Novice: 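Sharing a structure here in structure tokens format.
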Amino acid sequence: MTVPEFLFGEARTAAPLLLGWRLQSTIDGQVTEVELTEVEAYSQEDPASHSFGGLRPRNAVMYGSPGRLYVYRSYGMHWCANVVCGPDGMGAAVLLRAGKPLRGAELMTRRRGRVDDLTTGPGNLCQAMGITDEHKGQDLFDSNSALRLMSGQPPASYIATPRVGISKGVDRRWRFVTQA
DNA sequence: TGCTTGATTAACT
DNA sequence: GTTAATCAAGCAC
């Protein structure tokens, strides 16, 4: 599996195309898989983005090759997962905010400690799939990776809304949500 | 070296 | 509707 062409483009263009793709995690031989239903785009010129202001150690993965995983800690207690996009040298990524459980729902329930809201919200999604700092920079299209991205069924339709939880760049409608 | 602020969530009142 | 939990990056001193 090679990195799809659209991931070499801008985040705002790539983000909606990721809807319907499947994210699979294999940790300790246990598999969980979701179909992406909610994403947000972050680009280099975007004051809300971690890549804003140039290349720094923390955001180096965002400036690397597309198709890799960028993970960061949010509010000191949650992990958030992004798919890096744009060519090498461009700091852009797509935040994975929510998905629909396809496999390993029972494991997700155990990891989350609850049965509802398994994979809604970026922090919850990571917790359910066991994504942490140690997966940062992984190639999502390498069959040896713990985290893998696979094509799926594109949604019949989706909507674009303002992004959640940010204070800058709020005018951009770069959040994309699958419509049932 | 110290203070402030989050690409959040869940448990309160 | 409000707030605690919890920590590292970023900025002010």
Side-chain angles (χ1 to χ4, degrees), chain A residues 6-7 9-19 21 23 25 32 34-86 90-101 104-105 107-138 140 147 149 158-178:
Chain A
F6 68 82
L7 281 184
E10 291 183 34
R12 58 201 284 190
T13 311
L17 296 175
L18 276 173
L19 293 174
W21 280 61
L23 179 67
S25 108
T32 54
V34 300
E35 177 187 306
L36 301 178
T37 57
E38 182 182 340
V39 298
E40 284 180 5
Y42 287 88
S43 83
Q44 200 172 324
E45 305 78 30
D46 175 6
S49 171
H50 287 177
S51 58
F52 185 70
L55 174 64
R56 269 168 281 116
R58 148 156 122 150
N59 59 30
V61 174
M62 288 182 77
Y63 281 87
S65 306
R68 299 202 304 178
L69 188 71
Y70 170 58
V71 181
Y72 68 91
R73 200 193 261 300
S74 170
Y75 291 91
M77 47 187 50
H78 305 289
W79 296 110
C80 296
N82 300 247
V83 176
V84 175
C85 59
M90 178 187 277
V94 176
L95 170 69
L96 309 181
R97 289 192 59 87
K100 183 176 73 179
L107 176 57
M108 293 183 189
T109 304
R110 233 177 311 149
R111 284 196 181 121
R112 297 270 299 115
R114 56 179 56 222
V115 295
D116 54 333
D117 295 330
L118 284 181
T119 52
T120 59
N124 293 342
L125 180 68
C126 286
Q127 187 183 22
M129 303 198 71
I131 301 173
T132 71
D133 206 9
E134 65 183 276
H135 305 296
K136 188 164 160 176
Q138 273 202 347
L140 292 166
L147 277 303
L149 203 50
Y158 65 84
I159 55 171
T161 78
R163 291 170 297 178
V164 174
I166 55 173
S167 57
K168 301 164 191 164
V170 271
D171 50 313
R172 293 170 168 84
R173 295 166 68 88
W174 287 4
R175 174 171 173 255
F176 304 94
V177 187
T178 294

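None of the values given here were measured: they were computed from a predicted structure.
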Novice: If you round to the nearest 0.5 Å, how far is CZ of R163(A) from CZ of F176(A)?
Specialist: 9.5 Å
Novice: Rounding to an integer number of angstrom, what distance separates dT4(B) and dA4(C) when you compare their P atoms?
Specialist: 16 Å
Novice: Please tell me if the side chains of V170(A) and P162(A) come closer than 4.5 Å, counting only heavy atoms from C-beta onward.
Specialist: no
Novice: Can you find a heavy atom in the side chain of M62(A) that is under 4.5 Å from one in the side chain of S49(A)?
Specialist: yes
Novice: Could you say whether R114(A) or R73(A) is positioned toward the 5' end of DNA chain B, judged by the nucleotide with the nearest heavy atom to each?
Specialist: R73(A)
Novice: Between C1' on dA8(C) and OH on Y70(A), what's the gap in Å once rounded to a whole number?
Specialist: 11 Å
Novice: For W79(A) and dT6(C), what is the distance between atoms CH2 and C1' respectively, to the nearest whole Å?
Specialist: 12 Å
Novice: Expressed as a whole number of angstroms, how long is the span from K168(A):NZ to dA9(C):C1'?
Specialist: 12 Å
Novice: Is it true that, when you exclude R111(A) itself, more than 12 heavy atoms of the residues, nucleotides or ligands shown sit nearer than 6.0 Å to its CZ?
Specialist: yes
Novice: What nucleic acid atoms does R112(A) come within less than 4.0 Å of, heavy atoms only: base, sugar-phosphate, or nothing?
Specialist: sugar-phosphate
Novice: Do you know the tightest heavy-atom contact between V39(A) and A15(A)?
Specialist: CG2-O, 3.3 Å
Novice: Checking side-chain polar atoms at under 3.5 Å, does R112(A) have a donor or acceptor matched by the opposite partner on Q127(A)?
Specialist: yes
Novice: With pairs defined as Watson-Crick or G-U wobble and both distances under 3.5 angstrom, please note down DNA chain B as a dot-bracket string, | for pairing with another strand.
Specialist: ||||||.|||||.
Novice: Side-chain polar contacts of residues 68-86 of chain A - donor-acceptor pairs under 3.5 angstrom, sequence neighbours left out - could you list them?
Specialist:
from   : atom 1 : to     : atom 2 : distance (Å)
Y70(A) : OH     : H50(A) : ND1    : 2.9
N82(A) : ND2    : Y70(A) : O      : 3.2

Novice: Using a heavy-atom cut-off of 4.0 Å across all strands, would you classify D117(A) as base, sugar-phosphate, or nothing?
Specialist: nothing
Novice: Under 4.0 Å, counting only non-hydrogen atoms across every strand here, what does R58(A) touch: a base, just sugar-phosphate, or nothing?
Specialist: sugar-phosphate
Novice: How long is the span from the CG atom in L96(A) to the CD1 atom in I131(A), to the nearest 0.5 Å?
Specialist: 7.0 Å
Novice: So L95(A), base contact, sugar-phosphate only, or nothing? Heavy-atom distance under 4.0 Å.
Specialist: base
Novice: Please say whether more than 12 non-hydrogen atoms of neighbouring residues, nucleotides or ligands are located less than 6.0 Å from NZ in K136(A).
Specialist: yes
Novice: Reading DNA chain B from 5' to 3', where do the contacts with chain A start and stop? Cut-off is 4.0 Å to heavy atoms.
Specialist: dG6(B) to dA11(B)
Novice: Between dT5(B) and dT3(C), how far apart are the two P atoms, rounded to whole Å?
Specialist: 16 Å
